[in-house]
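The structure appears right after this line, and notes come after that.
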Amino acid sequence: MAKSKKYPYHPGVYQMMDDLRVGKIGRREFLRTATLLGVAAPVAYAMAGCEKKSETPSASRGGGTKKGGTLRVSMRCQEMTDPATFDWTEKSNVARQVLEYLTITGPDNITRPYLCERWEASDDLKTWTLQLRQGVKWNNGDEFNADDVVFNFTRWLDPKTGSSNQGLFSSMVTESGGKKKMTAGAVEKVDNNTVRLHLNRPELAVPENLYNYPAAIVHRRFEEEGGDLSKNPVGTGPFELKEYVVGQKAVLAKRDPKDYWGEEVYLDGIHNIDHGDEASAGLAALASGQVDLVYEASVEQLDVVEKIPGAQLYETVTAQTGVARMQMDKKPFTDPRVRTAVRICQDHRRLLELAYRGRGAPAEDHHVSEVHPEYAKMDVPKQDYERAKQLLNEAGYPNGIDLKIDCKKDPSWEVAVAQVLSEMCKPAGIRIKINVMPNTQYWEIWDKTPFGFTAWTHRPLGVMVLNLGYRSGVPWNESHHNNPEFDKLLDQASATLDVAERRKTMAKLQKMLQDDAVIAQPLWRSIFTASSDKVRDFKLHPTNYHQLNKVWLG
């Protein structure tokens, strides 16, 4: 179906409308996919017969709001040099008040335009045209334009940068001489306000990938001017960074509203205060009135939050998780029988109860969640000690095996999971020694240790996680998973518009990753945070992104 005045959207949108009418897909799948294909969120909601939603995910359109005041947040203030290499959400939560993204994905997991005013995909999903928002100014007075976007894509896809975005945008990468680099002509500047992406293969998730936290748009002279955001905080966002001290504080102040392209923000400023890795310190600061919001409350602290006068507790179901991952090219994990033996010692439901108070859902050892629209339903794997013993015996370990797992000290649920996993493995003869490390030391070796427990944040699509963590050769492939058939199927899933067909491919991917057994994944976890009741219109994002433009203080 060709585009016309009567049919202005991608042909896949009309097919999905038919599928929605006959019940082949649900509203959630329709909304998620139609918006990725460039349908504005209110239009997509209307097409689906839903109540129209605000274009601004966290906006409060009602009366009673007031401007002014400074939001004080207890959150770690880590080194914040290059957004393209960010590996912590907290870094991005400071940066995202100064920098902005081409798109924005709200707490409802719907992706909307941001610096990119609209986009259009070709029928075959291999060409994406990004129409950039005009009238946007950097806080140094320069006009935002296509040169900025081309510069960012080029940096992300340069292996020298070391950005995890290379995994998300692997459809724009070519391997040559054992090295992966941006395909020639992959990014085209059409004019000052238009950029066109030319992909090697079809890809549906491009708009969603553009809100991955290392995809913040920096100024085209970022490298020329030092390549350090904390020292030269040039951005298009509504706040300016006034002071930044690693391990202490990040002070942000509202830009002059007449210089900012978007709606005026309510807060005058945001002060992020670092209380260290110990979560109880942030809650103590909330209880004493030193801060208004904490970055995260642990599951063990829920009872404490309930006892703080005037505290508000937030909870959201997410695709946040943790994986006990084994590097398949390091002994003894080169033998899939050893990896499988570890994996099938888990009682996922019991582990969730013991380590996380049951607040979440049992996982299935393939890193795709029921909250992901393309998830294919599978049974939770069963604990099987007899098979685990048999596999170990076949692998040459008739008397069991001694292993060591590295994990970080905080948050405490990660240690709890490692401890329960260790206990569950004992009956099979798998003796796991737990090496609890200071957080900073763990992150130095997280992708090098043969056996480690790593927390992964929420992503709105399952294919995003698989592209980031399990595609062969990508920067964040900590298990060194290498399966060309898996990569080929992942390409297919990423390119399939039909939700039912995509799920069939995802079912194969999920089973393949489960069988490859590079991870023992016990749980999906709810996340929590707390604030003073003075904080209004704050929504807990499933990735814990701080979207604060319409937050206000009562």
Side-chain angles (χ1 to χ4, degrees), residues 84-89 92 156-157 159 162-171 173 180 203 205 208-209 211-215 318-330 333 339 342-343 363-369 371-372 374-376 405-408 414 417 442-443 445-494 505-506 508-525 542-543:
T85 61
F86 279 176
D87 48 8
W88 285 80
T89 304
S92 78
W156 297 340
L157 301 182
S163 176
S164 62
N165 289 330
Q166 194 177 70
L168 284 185
F169 297 102
S170 59
S171 57
V173 171
K180 295 182 178 182
E203 176 69 63
E208 209 124 60
N209 292 343
Y211 194 56
N212 185 43
Y213 66 85
T318 75
Q320 298 223 26
T321 187
V323 296
R325 65 106 191 101
M326 298 157 274
Q327 291 187 333
M328 64 188 299
D329 56 355
K330 302 282 182 64
F333 304 115
R339 303 195 305 263
V342 172
R343 184 180 72 76
E364 298 162 358
D365 305 321
H366 53 65
H367 214 146
V368 181
S369 167
V371 306
H372 292 137
E374 69 271 62
Y375 165 80
I405 188 169
D406 294 313
C407 67
K408 57 188 178 70
E414 296 181 30
V417 169
Y442 179 78
W443 287 117
I445 58 96
W446 76 281
D447 58 348
K448 302 175 183 67
T449 175
F451 193 20
F453 187 85
T454 305
W456 279 75
T457 194
H458 168 97
R459 263 88 189 184
L461 289 176
V463 290
M464 288 180 71
V465 181
L466 301 185
N467 274 308
L468 277 170
Y470 303 97
R471 179 181 286 279
S472 302
V474 297
W476 280 6
N477 184 345
E478 58 171 337
S479 66
H480 299 177
H481 184 247
N482 188 347
N483 187 330
E485 186 181 350
F486 179 90
D487 296 343
K488 188 180 294 185
L489 280 173
L490 184 53
D491 292 347
Q492 184 178 325
S494 300
T505 306
M506 288 300 291
K508 296 176 184 177
L509 283 165
Q510 291 169 203
K511 183 66 165 59
M512 190 176 294
L513 196 55
Q514 198 180 70
D515 290 344
D516 285 344
V518 292
I519 58 172
Q521 183 195 7
L523 55 83
W524 300 104
R525 68 187 189 99
T543 322

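For clarity, every value in this text was computed on a predicted model and none was experimentally measured.
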Residues in salt bridge (Lys or Arg N to Asp or Glu O under 4.0 Å) contact with Lys511, at least two apart in sequence or another chain: Asp515
Hey, can you pull the donor-acceptor pairs under 3.5 Å for the side chains in residues 456-465, sequence neighbours left out?
from   : atom 1 : to     : atom 2 : distance (Å)
Trp456 : NE1    : Glu478 : OE2    : 2.8
His458 : ND1    : Ala319 : N      : 3.0
His458 : NE2    : Asn109 : OD1    : 3.3

Is a side-chain donor or acceptor of Asp365 paired with a backbone partner of Ala520 at a separation under 3.5 angstrom? no
Residues passing the salt bridge (Lys or Arg N to Asp or Glu O under 4.0 Å) test with Asp491, sequence neighbours excluded, are Arg201, Arg471
At their closest point, which heavy atom of Glu414 faces which heavy atom of Ala455, and how far apart are they? OE2-CB, 3.4 Å
Are the aromatic rings of Tyr470 and Phe486 close, with centres under 6.0 Å apart? no
Measure the shortest side-chain to side-chain distance between Leu509 and Met506 over non-hydrogen atoms and say whether it is less than 4.5 angstrom. yes
Donor-acceptor contact below 3.5 Å, side chain Ser163 vs main chain Ala84: yes
To the nearest 0.5 Å, how far apart are CD in Gln521 and CD in Gln514? 10.0 Å
Output all residues satisfying side chain to side chain donor-acceptor pair (under 3.5 Å) with Ser369, sequence neighbours left out; order by chain, then residue number. none
Those residues at least two apart in sequence (or on a different chain) that pass ring pair (Phe, Tyr, Trp, His ring centres under 6.0 Å) with Tyr442 are none
Please check if any side-chain donor atom of Glu364 sits under 3.5 Å from a side-chain acceptor atom of His366, or the reverse. yes
Set of side chain to side chain contact (heavy atoms under 4.5 Å, CB included) partners for Lys330, sequence neighbours left out: Gln327, Pro450, His480
Does Asp406 reach the main-chain N or O of Phe453 with its side chain, forming a donor-acceptor pair under 3.5 Å? no
Closest non-hydrogen contact found for Asn467 with Gly167 is CB-O, 3.6 Å
Residues passing the side chain to side chain contact (heavy atoms under 4.5 Å, CB included) test with Ser164, sequence neighbours excluded, are Asn212, Pro214, Leu468, Trp476
Drop me the distance from Leu490's CG to Ser170's OG, to the nearest 0.5 angstrom. 7.0 Å
Heavy-atom side-chain proximity of Pro542 to Gln320 below 4.5 angstrom: no
CG-CD1 distance between Leu513 and Ile519, expressed to the nearest 0.5 angstrom: 5.0 Å
side-chain hydrogen bond (donor to acceptor under 3.5 Å, both in side chains) with Asp516: which of Arg339, Arg343, His481? His481
List the residues meeting salt bridge (Lys or Arg N to Asp or Glu O under 4.0 Å) with Asp329, not counting sequence neighbours, and say none if there are none. none
From Ile445 atom CD1 to Lys448 atom NZ, the distance as rounded to the nearest 0.5 Å: 8.0 Å
If every non-hydrogen atom of Arg325 is compared with every non-hydrogen atom of Trp446, which pair is closest and at what distance? NH2-O, 2.6 Å
Residues passing the salt bridge (Lys or Arg N to Asp or Glu O under 4.0 Å) test with Lys180, sequence neighbours excluded, are none
Distance-minimising heavy-atom pair for Val173 and Leu157: CG2-CD2, 4.0 Å
Once ring pair (Phe, Tyr, Trp, His ring centres under 6.0 Å) is applied, do any residues pair with Tyr213, and if so which ones, sequence neighbours excluded? none
Between Thr449 and Ile405, does a side-chain contact (heavy atoms from CB on, under 4.5 Å) hold up when you go through it step by step? CA-CA 8 Å; Thr449 175; Ile405 188 169; over 6 Å; no
For the pair Trp524 and His367, evaluate side-chain contact (heavy atoms from CB on, under 4.5 Å) and give the outcome as yes or no after the intermediate values. CA-CA 9 Å; Trp524 300 104; His367 214 146; 3.9 Å; yes
With Thr318, which residues qualify under side chain to side chain donor-acceptor pair (under 3.5 Å), at least two apart? none
Are side-chain heavy atoms of Met328 and Phe333 found at a separation under 4.5 Å? no
For residues Val368 and Tyr375, report the shortest heavy-atom separation together with the two atoms involved. O-CD1, 3.7 Å
Mind checking ring pair (Phe, Tyr, Trp, His ring centres under 6.0 Å) for Phe169 and listing every partner two or more places apart, or none if nothing turns up? Phe153, Trp156
For Met512 and Asn483, what are the C-alpha separation, side-chain angles and deciding distance, and is it a side-chain contact (heavy atoms from CB on, under 4.5 Å)? CA-CA 9 Å; Met512 190 176 294; Asn483 187 330; 3.7 Å; yes
So which atom in Leu168 and which in Asn209 form the shortest heavy-atom distance, rounded to 0.1 Å? O-ND2, 3.3 Å
